[in-house]
Protein chains: 2
Amino acid sequence: MASPNQLKKALKKEGLRYTQQRQSIWDEMCATDEHRDAEEIYLSLRNEGMSVSRATVYRTIDVLVKNNLVRKLELGDGRARYEHKMDLEHHDHLICVQCGKIEEFMDETIEEIQEKIVNNLGFKLIRHIHQLFVICNNCR
Amino acid sequence: MASPNQLKKALKKEGLRYTQQRQSIWDEMCATDEHRDAEEIYLSLRNEGMSVSRATVYRTIDVLVKNNLVRKLELGDGRARYEHKMDLEHHDHLICVQCGKIEEFMDETIEEIQEKIVNNLGFKLIRHIHQLFVICNNCR
DNA sequence: GCTGCTATTGATAATGAGTCTCAGAACTTA
DNA sequence: TAAGTTCTGAGACTCATTATCAATAGCAGC
């Protein structure tokens, strides 16, 4: 179960109310490490008997993304996927173009070079997307 | 003007016909180094008096992407942008989150590390997306 | 250069992820 | 408890992209 404190803090910061729906959406997103889309999260909640609407799922996810509790992933298949940021370490993704399996990777050197590239241009790095599309060992 | 040979060769390889529309869409995409979306390409062609439909623009772009003549960029704003691959050097993109300006970057070390990461997992690298979202020097 | 076969095209309908609207429900504060 | 707000749900809407299908136009063989 996701801690309500993190959520409550974020909502307070935004001047928003703490509600059942928002808590259960946050719980649902923390319930697995899979990368699910809004529809999947919506259907899971409905299956569990929660009263919640698609609109509220999208609205709540926005709040969570804005407050850095959730990361939005665009993997090029036309629907956004989400991952919670309970475990704090940053990472990027490998995606198998055959089976769709998603793995994570992280490389300190790449992160440093990115910073260097941006700084050399006089820019400020806000965020990055780094996705490696592969054929995984199962699919080869 | 884009050489018809590259296009003709690609079409022949796929068993597809060489048509006026396909040539003019390819020409239009090669006419600039900007990163335009399908609608912008469609409107440019119409302004030039070409008879072409949106559907054909989308279909032709698919062919060009599949045959590696064009690269599709998903910058997270809900519409795909495209760049021709006439000048062969690979690069990735910096995008200003304020003004939307797109710059290019390329780093040999990052490319090598990517390969290493994928190989170590026993995977095969097909393609990658690496986008740095920044605030550019003009917007700071 | 014709003929006939088949891929391509254009107009438009359909799709689908995500957003907007607005009336009613649920908090909050007094 | 009342008044004032914020939230929610249902469904309408948007907008990029895809599918449909009759008409058109390449292309291979004559």
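As a basis for the values below, the full set of heavy atoms in this structure was taken, side chains included, without hydrogen atoms, waters or symmetry mates. First the proteins, then the strands, lettered A, B, ... as listed; each starts at 1.
We find the CD1-CD distance between Ile25(B) and Gln20(B) to be 11.0 Å, quoted to the nearest 0.5 Å.
The hydrophobic clustering, which links ILVMFWY residues whose side-chain heavy atoms are closer than 4.5 Å, places Leu69(B) and Tyr42(B) together. Linking ILVMFWY residues whenever their side-chain heavy atoms come closer than 4.5 Å, directly or via other members, leaves Phe123(B) and Ile95(A) in distinct clusters.
In this structure, Leu7(B) atom CG and dG26(D) atom P are separated by 14 Å, rounded to whole Å. Rounded to whole Å, the distance from CD on Gln21(A) to P on dT6(D) is 17 Å. Distance Tyr58(A) OH to dG9(D) P: 15 Å, rounded to the nearest Å. Rounded to a whole Å, the CG atom of Asp77(A) is 14 Å from the C1' atom of dT17(D). Taking atom CZ of residue Arg22(A) and atom P of nucleotide dT6(D), one finds them 11 Å apart after rounding to whole Å. Between the C1' atom of dT18(D) and the CZ atom of Arg79(A) lies a distance of 16 Å, rounded to the nearest Å. One atom, CD of Glu14(A), and another, C1' of dC7(D), lie 15 Å apart when rounded to the nearest Å. Note: CD1 (Ile61(B)) to P (dT18(D)) measures 10 Å, nearest angstrom.
Atom NZ of Lys124(B) is surrounded by 12 or fewer heavy atoms from other residues, nucleotides or ligands within 6.0 Å.
Less than 4.0 Å separates DNA chain C from at least one heavy atom of each of the following residues of residues 37-54 of chain B: Ser51(B), Val52(B), Ser53(B). Taken residue by residue, residues 64-73 of chain A places no heavy atom nearer than 4.0 Å to DNA chain C.
Taking the C1' atoms of five terminal pairs at each end of the helix from dG1(C)-dC30(D) to dA30(C)-dT1(D), the two resulting helix axes are inclined by 30°, rounded to 10°.
Heavy atoms only, all atoms of each residue included: Arg22(B) and Leu7(B) are closest at O-CD2, 3.7 Å. The shortest non-hydrogen separation linking Ile102(B) to Leu75(B) is CD1-CD1, 3.5 Å.
Checked against the 6.0 Å centroid criterion, the rings of His90(B) and His128(B) qualify as a close aromatic pair.
Asp33(A) pairs by the side chain to side chain donor-acceptor pair (under 3.5 Å) definition with His84(A), not counting sequence neighbours. With sequence neighbours left out, the salt bridge (Lys or Arg N to Asp or Glu O under 4.0 Å) criterion links Lys101(A) to Glu103(A).
The existence of a salt bridge linking Glu14(B) and Lys66(B) is excluded, since no basic side-chain nitrogen approaches an acidic carboxylate oxygen closer than 4.0 Å. Using a cut-off of 4.0 Å between Lys/Arg side-chain N and Asp/Glu carboxylate O, Glu39(A) and Arg54(A) are scored as salt-bridged.
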**Prompt:** For nucleotides 21-30 of chain C, read 5' to 3', which letter fits each nucleotide if B means a protein heavy atom sits under 4.0 Å from the base, S means only the sugar-phosphate is that close, and - means neither?
**Reply:** B----BB---

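Judged by the 6.0 Å distance and 45° axis criteria, Lys72(A) is not positioned over the aromatic ring of Tyr82(A).
Taking 4.0 angstrom as the limit, Thr19(B) places a side-chain polar atom (N or O) nearer than this to OP1 or OP2 of dT9(C).
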**Item:** From CA spacing to verdict: side-chain hydrogen bond (donor to acceptor under 3.5 Å, both in side chains), His93(B), Gln131(B)
**Value:** CA-CA 5 Å; His93(B) 297 93; Gln131(B) 298 167 350; 5.8 Å; no

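Here the side chains of Glu111(B) and Glu108(B) are in contact, with some heavy-atom distance below 4.5 Å.
Comparing Arg81(B) and Leu16(B) by the nucleotide of DNA chain D that holds the closest heavy atom to each, the one mapping nearer the 5' end is Arg81(B).
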